[in-house]
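We're numbering straight along the sequence, starting at 1.
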Amino acid sequence: FGPITRARVSAAGGATGTTPPIVGVPAGTDLVVSAASDSPASRTIGSGTAFNVAAKFALTAGSKSVSISSITFQKSGFVTNTNLNGIDVVDSKGVRHGQVVSSVNADNSITIVMTSDPIVVAAGSTEYITVRFNLLSGDYTGTVSFGINAVSAISANTSAISGAFPLSGVAMNIVKNVVSNTLIAE
C-alpha cells in the first residue's frame with residue numbers, strides 16, 4: 001500500500017497489511033491439530049541412523065492455553081518394529097517432551113507421555129512438534145511413517161480438539177547403511 005491507501009484504510013478502521021494473520025480456530029475449539037506445511041518430504045534414510053525427522057505437526061490454540069500431556073502416534077510402513085529403537089517428540093525450540101520410546105506396540109502405536117513436561121501452546125499461537133526416530137544398524141530395507149489417527153490420540157487439559165484426522169507424515173525409504181573403510185597408503 002502507498003501512503004494515501006494506508007491513510008484511507010487506517011481511517012476506515014481496517015488493517016494496513018502489517019498485522020500478522022489471525023490464527024483460525026473454530027468457535028468452541030481449544031486446539032486445532034494439522035500437518036505442518038514444512039513437514040519433511042519423502043527421502044532415503046540409512047539403517048543405523050538417529051534423530052531422523054519423520055513428520056511435523058502444527059498445534060494451534062484458540063482463546064486459552066492448552067497443555068498436551070500425551071500423544072499416541074501410529075507407525076506405518078514395512079520396516080519391522082524391532083528395527084526402530086527410539087521415537088521422540090521435540091518442540092519448535094528443539095526441546096524434547098516425554099521420554100524416548102524404545103519399542104513399538106504390537107498394534108504399531110507409540111504413546112509418548114509428557115505429564116512431567118507437557119507441550120504448552122499459548123492462547124492464540126501455534127506450536128510445532130517434530131516426530132523423530134532412530135534405526136538399528138542392520139541389513140534391512142523398507143518404509144516407515146508416523147501419524148496421528150484420531151483426536152482421541154491426544155491427551156490435553158481440554159477435550160475441545162479438532163483436526164482433519166488421520167494426519168500422517170510421508171513414508172521414508174529405509175536402506176542398508178553402508179559405511180566404507182578406506183585405507184590410505186602412506
**Request:** Measure from the side-chain N and O atoms of S42 to the backbone N and O of V170, and report whether any donor-acceptor pair falls under 3.5 Å.
**Result:** no

**Item:** pair V131-F57: side-chain heavy atoms closer than 4.5 Å
**Value:** yes

**Trace of the side-chain contact (heavy atoms from CB on, under 4.5 Å) decision for V101 with F73** = CA-CA 11 Å; V101 176; F73 296 98; over 6 Å; no

**Item:** Shortest non-hydrogen contact from T126 toward A58
**Value:** CG2-CB, 3.9 Å

**Message:** Do L59 and Y128 make a side-chain contact, defined as non-hydrogen atoms from C-beta onward lying under 4.5 Å apart?
**Reply:** no

**Asked** Is there a path from V33 to I68 through hydrophobic residues (I, L, V, M, F, W, Y) whose side chains come within less than 4.5 Å of each other?
**Response** yes

**Prompt:** Out of curiosity, S70 OG to I119 CD1, how far, rounded to the nearest 0.5 Å?
**Reply:** 10.0 Å

**Heavy-atom pair with the smallest gap, counting every atom of I87 and I112** = O-CD1, 3.9 Å

**Request:** Identify the two heavy atoms, one from L136 and one from S47, that lie closest to each other, and give their separation to 0.1 Å.
**Result:** O-CB, 3.5 Å

**Asked** Is there a donor-acceptor pair under 3.5 Å between the side chain of T80 and the backbone N or O of T82?
**Response** no

**Fill in**
Correct closest heavy-atom pair for S67 and P118 would be OG-CB, 3.3 Å

**Request:** Answer yes if I110 and F165 sit in the same cluster of Ile, Leu, Val, Met, Phe, Trp and Tyr residues linked by side chain heavy atoms under 4.5 Å apart, and no otherwise.
**Result:** yes

**Asked** Are I129 and I71 close enough, and set up right, to give a side-chain contact (heavy atoms from CB on, under 4.5 Å), and what steps lead you there?
**Response** CA-CA 11 Å; I129 60 168; I71 303 175; 3.6 Å; yes

**S39 side chain to K56 backbone, donor-acceptor under 3.5 Å** = yes

**Prompt:** Between L135 and V90, is there a shared hydrophobic cluster once you connect ILVMFWY residues whose side-chain heavy atoms come closer than 4.5 Å?
**Reply:** no

**Prompt:** Between T72 and S109, what is the shortest heavy-atom contact and its length?
**Reply:** CG2-CB, 3.9 Å

**Item:** Any donor-acceptor N/O pair, N105 side chain to D107 backbone, under 3.5 Å
**Value:** no

**Asked** Is the closest side-chain heavy-atom distance between N52 and M172 below 4.5 Å?
**Response** no

**Distance (rounded to the nearest 0.5 Å) between L31 CG and T60 OG1** = 7.5 Å

**Complete:** Taken to the nearest 0.5 Å, the spacing of I148 CD1 from Q74 CD works out to 11.5 Å

**Asked** So, does Q99 use its side chain to make a donor-acceptor pair with the main chain of V113 at under 3.5 Å?
**Response** no

**Message:** Between N157 and V66, does the side-chain contact (heavy atoms from CB on, under 4.5 Å) criterion hold? Intermediate values first, please.
**Reply:** CA-CA 6 Å; N157 63 343; V66 176; 3.6 Å; yes

**Asked** Would I161 and V120 show up in the same hydrophobic cluster when neighbours are defined by side-chain heavy atoms closer than 4.5 Å?
**Response** no

**Message:** So, applying side-chain contact (heavy atoms from CB on, under 4.5 Å) with F133, which one of V53, D88, I45 is it?
**Reply:** I45

**Request:** Quick one: closest heavy-atom pair of T143 and A171, and the distance?
**Result:** CB-CB, 4.3 Å

**Message:** Nearest 0.5 angstrom please: K75 NZ to S168 OG, how far?
**Reply:** 12.0 Å

